[in-house]
> 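One structure is given below, represented as structure tokens, and several questions about it will come after.
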Amino acid sequence: MKYDFTAIENKWQSKWLQQQPYGAVTGDSTREKFMGLIEFPYPSGQGLHVGHARPFTAMDIICRKKRMEGYNVLFPIGFDAFGLPTENYAIKNHIHPAIVTRDNIANFTKQLHMLGYSFDWDRVVDTTDPGYYKWTQWIFLQLFKKGLAYKASMPVNWCTSCKCVLANEEVVEGVCERCGSDVVRKEKSQWMLKITEYADRLIDDLDDLDYIERVKIQQRNWIGRSEGTEVDFTATNGDKMTVYTTRCDTLFGVTYMVLSPEHPYLKQWKDIIENWDEAEAYIKEAARKSDLERTELNKEKSGVRLQGIEAVHPVSGKKLPIFISDYVLMGYGTGIVMGVPGHDQRDWDFATAFGLPIIEVVSGGDITKEAFVLKDDTGIMVNSDFLNGMTVKDAIPAMKNWVTEKGIGRPKTNFKLRDWVFSRQRYWGEPIPLVWCDKCGWVPLDEKELPLLLPEVDSYEVTDDGESPLSKMTDWVNTTCPHCGGPAKRETDTMPQWAGSCWYFLRYMDPHNDQALASKEAIDYWGPVDWYNGGMEHTTLHLLYSRFWHKFLYDIGVVPTKEPYAKRTSHGMILGEGGEKMSKSRGNVVNPNDIVDQYGADTMRLYIMFVGDFEKAAIWSTEAVKGSKRFLDRIWNFVENATDSDEITPANESILHKTIKKVTQDIETLKFNTAIAAMMALVNEFGSNGASRGDLKILMRLLSPFAPHIAEECWEILGGEGQVSQQSWPQYDESKTVDAEVQIAIQVNGKLRSTATVPAGSPDDVLAEAAKADEKIKKYLESGTLVKTIVVKGKLVNLIIK
RNA sequence: GCCGGUGUGGCGGAAUUGGCAGACGCAAGGGACUUAAAAUCCCUCGAUGGCAACAUCGUACCGGUUCGAGACCGGUCACCGGCACCA
């Protein structure tokens with residue numbers, strides 16, 4: 001009989017649908033718990049693609065193995081369903097986004113069943129379900145009550161096409177991450193979350209986490225902690241001009257000061273600044289430029305020197321010219337920079353462009369050619385008063401202490417991380433549960449009022465002035481103040497797509513709870529997530545945001561752990577046949593449905609894991625899928641013709657133990673490709689030795705996490721008890737993984753000249769003798785003198801002959 | 001520019017972390033079975049030379065350490081990802 005994958009897969013999938021065998025049991029103290037997490041998908045209209053199948057299959061394999069090892073496994077799935085594509089589709093087709101979402105989720109669910117994933121289907125979450133976003137809103141209210149959510153008017157990233165603000169993390173190379181349109185700075189009043197308050201903890205707590213190193217590095221770089229010094233300069237009108245510097249040792253090298261064009265001093269100084277027209281024109285020009293233009297022009301330094309005001313050096317008392325220039329960012333440090341052209345290349349470029357003096361305060365470079373920027377802190381201070389003769393390394397703390405004692409400065413830590421712009425001018429997101437009252441200011445809704453439901457609107461389109469579609473719903477907007485009962489207006493912006501995913505793993509632990517986001521017992525039992533695998537692209541977005549929210553929930557006593565995820569790994573992308581990213585426009589997208597139709601889900605699963613190193617990008621090849629199918633065909637054939645014995649075939653014993661060992665270890669280290677290769681090698685060996693039912697039953701247990709349907713079917717054919725997925729994970733006996741005889745390499749002067757077979761565990765001198773006795777080696781021995789013999793146990797003998 | 005990562009047959013990729021380079025698979029070639037094809041099974045498959053046993057070369061490039069280097073060290077190049085005027 002042929003391997004009829006369609007019939008087999010349908011049979012087992014409908015059985016699983018009925019039995020729901022993968023339910024997790026909260027509170028089971030008889031077994032160790034394991035929570036394996038994948039990033040829940042955004043249910044797009046295109047459905048599941050092979051890019052999902054890779055991480056999903058991987059975690060499914062891990063969880064299936066953990067179950068067989070006796071763990072109480074929670075492997076949940078859900079849908080991160082708020083977001084722009086759904087809203088845009090809804091606008092275009094005049095369908096409510098909730099209906100679009102429902103249909104897409106139904107399609108995804110079907111596809112996930114089709115691939116045989118062992119999710120706990122009783123715990124599905126949907127971020128757009130009011131029963132879910134009630135708690136997203138609840139967490140937001142707690143953030144608000146603790147002062148971590150605030151509304152501020154500031155220059156924000158504005159996508160010209162989405163007509164919506166973007167978080168810093170959503171701007172990639174000056175354009176919108178989602179649509180690729182230009183991003184400009186726009187002054188807008190926005191809800192912000194104080195993630196910066198957690199910056200230190202977000203960095204420091206990484207040390208104890210089992211995250212792959214590149215994730216930690218990327219988060220550290222993104223948060224960008226820098227230790228430096230603030231120094232107070234003064235303006236001639238008496239205003240304090242505080243700067244931030246990491247090189248306070250160069251204080252005597254300052255020849256000018258620069259303000260960011262957005263600096264509030266500029267408006268204050270309007271009447272003092274004699275060339276205000278010129279300054280104002282520059283400020284306006286800077287505001288008009290998109291981020292892209294601003295960085296593209298970074299070779300040519302531009303700026304305006306302010307007339308009528310100067311700065312005073314805090315030590316020398318010298319007058320210094322003040323400039324405005326867009327190379328100084330308002331969002332970092334103090335928005336004012338001390339210009340040290342001798343030792344900072346940007347300052348050097350600026351000073352050169354404006355003909356400003358360049359003073360050398362660290363010797364060792366040629367400051368007439370370029371700034372001398374130290375990398376190893378070993379330069380010697382010159383022209384620097386009491387610092388002269390010191391190394392830079394010593395001068396930095398010396399100056400830091402000195403300015404602190406004099407009261408003109410202080411140590412300061414800065415971060416690149418900015419607060420999180422949290423509001424979006426969009427319909428399809430969680431409503432922000434706050435109202436504005438002219439008397440009371442921003443007032444939170446009573447928690448009993450949650451969820452604050454999204455109202456029905458006539459149009460989902462943003463207004464041209466960039467207001468949320470909700471702003472037009474006057475019935476909804478106009479409300480009463482929960483505090484004073486007077487007239488009030490609701491916030492009409494919604495939360496960003498990232499909100500719902502910040503805490504979804506907690507909801508999985510207790511998804512039907514209507515009293516709390518999850519019960520304490522459930523959180524205590526399941527948390528933290530034992531293993532979270534996801535894409536690198538979320539490292540400085542979702543992963544960082546959810547660590548932030550979790551730390552906040554820890555602070556208010558909702559969760560017992562500081563960190564949400566104990567372990568984080570990451571998979572590589574699946575590229576199209578030509579080695580390029582899969583995309584609709586390139587037409588190289590592979591639809592898993594087609595592969596399943598043609599070869600079956602088990603082949604699909606096997607291939608996506610066999611395609612290459614899980615952590616690296618891999619190129620899809622529909623041609624190569626056949627190899628995985630052939631492997632399953634061969635297994636099917638062996639099962640149908642199994643030798644009539646439940647014993648292990650002696651000739652297969654050693655390779656069986658080796659394969660168990662290899663597969664067991666490789667799953668833990670994400671080496672699925674070599675685990676499958678090992679099983680293929682085993683089946684090749686069956687080709688020479690034949691395979692008994694006993695041999696094949698072991699293979700089925702190893703195979704079942706990878707290819708669960710065929711493994712169940714074969715288990716049944718082989719007369720196994722129950723289902724193979726309910727069996728224990730096979731154990732290997734180390735002593736049986738060793739062959740009786742091993743082949744060793746014989747080298748002469750480091751070059752392979754022969755091989756020999758010796759009994760396993762032979763002592764060194766036996767190996768040496770075997771090597772010397774080898775027929776092929778004799779001529780080398782005769783050609784010179786043996787001066788040294790190197791023996792590596794069980795591996796090789798190297799004869800040094802001169 | 002800065003921070004990561006990668007570079008191995010025609011292709012995807014292995015290599016116990018310093019010990020037989022190319023496991024496993026795809027493609028290709030040859031053979032068996034078949035009226036034929038597909039499927040399946042068997043063999044070959046880094047390069048060069050040789051009838052052959054075998055020899056020489058070979059893991060991006062140059063150099064080094066070592067009895068021995070794909071792996072370690074120094075330098076160079078290429079590609080991929082992230083950040084990018086962060087003072």
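Sequence lines set the chain letters: A, B, ... in the order given, protein chains first and strands last, and positions in each chain run from 1.
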> Check the phosphate of rA27(B) against K626(A), side-chain N and O only, distance under 4.0 Å to OP1 or OP2. Yes or no?
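Checking rA27(B) against K626(A), a side-chain N or O does come within under 4.0 Å of OP1 or OP2.
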> Report the base-pairing partner of rC79(B) (Watson-Crick or G-U wobble, both distances below 3.5 angstrom), or none.
rG5(B)
> Fit a plane to each ring of F614(A) and H571(A), take the angle between them on a 0 to 90° scale, and name the class: parallel (under 30°), tilted (30 to 60°) or perpendicular (over 60°).
tilted
> Kindly point out which of rC57(B), rA15(B), rC26(B) is positioned nearest to the side chain of E623(A)?
rC26(B)
> Using atom C1' in both nucleotides, what's the gap between rC11(B) and rG18(B) to the nearest angstrom?
29 Å
> Between C1' on rC54(B) and NZ on K779(A), what's the gap in Å once rounded to a whole number?
7 Å
> Using the C1' atom on both, measure rA55(B) against rG50(B) and round to a whole Å.
9 Å
> Quote, to the nearest angstrom, the C1' distance that separates rG4(B) from rA84(B).
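Their C1' atoms lie roughly 14 Å apart.
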> Base of rC85(B), side chain of K301(A) - is there a donor-acceptor contact under 3.5 Å?
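Result: at least one qualifying N/O pair found.
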> Output yes when R568(A) and D210(A) qualify as a salt bridge under the 4.0 Å nitrogen-oxygen rule, no when they do not.
no
> Base, sugar-phosphate, or nothing for Q747(A), non-hydrogen atoms under 4.0 angstrom?
base
> Round to a whole Å and report the spacing from NZ of K671(A) to C1' of rA23(B).
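Atom-to-atom, K671(A) to rA23(B), this comes out as 15 Å.
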> Are any of N637(A)'s side-chain N or O atoms less than 4.0 Å away from OP1 or OP2 of rC41(B)?
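Checking rC41(B) against N637(A), no side-chain N or O comes under 4.0 Å of OP1 or OP2.
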> Is a donor on one side and an acceptor on the other found under 3.5 Å between the side chain of D347(A) and the backbone of P341(A)?
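Side chain of D347(A) to backbone of P341(A): no pair is present.
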> Under 3.5 Å, is there a donor-acceptor pair linking the side chains of E39(A) and H538(A)?
yes
> Expressed in whole Å, how much space separates the C1' atoms belonging to rC42(B) and rU35(B)?
23 Å
> Distance check, P atoms only: rG64(B) and rG19(B), in whole angstrom units.
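These two P atoms come out 22 Å apart once rounded.
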> Measure the distance from CZ on R214(A) to P on rU6(B) and round it to the nearest whole Å.
9 Å
> Using the P atom as the point on both nucleotides, what is the distance between rA60(B) and rG10(B), in whole Å?
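My reading of the P atoms in rG10(B) and rA60(B) gives 13 Å.
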> Given 3.5 Å as the limit, does a donor-acceptor pair link the side chain of D419(A) with the main chain of I195(A), or not?
yes
> How is T755(A) classified with respect to the nucleic acid when contacts are heavy atoms under 4.0 Å: base, sugar-phosphate, or nothing?
base
> Answer yes or no: does a side-chain N or O of K416(A) lie under 4.0 Å from OP1 or OP2 of rG82(B)?
no
> Heavy atoms under 4.0 Å, any strand shown: does V611(A) hit a base, just sugar-phosphate, or nothing?
sugar-phosphate
> Find out whether the Lys NZ or Arg CZ of K629(A) is both under 6.0 angstrom from the six-membered ring centre of Y599(A) and within 45° of the ring's axis.
no
> Tell me the interatomic distance from H343(A), atom NE2, to rC85(B), atom P, rounded to whole angstroms.
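Value for this atom pair: 23 Å.
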> Would you mind calling rU17(B) syn or anti? Take O4'-C1'-N9-C4 for purines or O4'-C1'-N1-C2 for pyrimidines, and syn is within 90° of 0.
syn
> Within the modelled atom types, does a donor on one side and an acceptor on the other bring the side chain of E537(A) and the base of rG81(B) under 3.5 Å apart?
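Counting by modelled atom types and ignoring angles, no donor-acceptor contact under 3.5 Å is found here.
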> Say we look at rG30(B) and rC80(B): how far apart would their C1' atoms be, to the nearest angstrom?
40 Å
> If only side-chain N and O atoms of R753(A) are considered, is one of them under 4.0 Å from the OP1 or OP2 phosphate oxygen of rA55(B)?
yes
> On the nucleotide rA87(B), are OP1 or OP2 found under 4.0 Å from the side-chain N or O atoms that S226(A) carries?
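Yes, because at least one side-chain N or O of S226(A) sits under 4.0 Å from OP1 or OP2 of rA87(B).
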> Expressed in whole Å, how much space separates the P atoms belonging to rC2(B) and rG25(B)?
45 Å
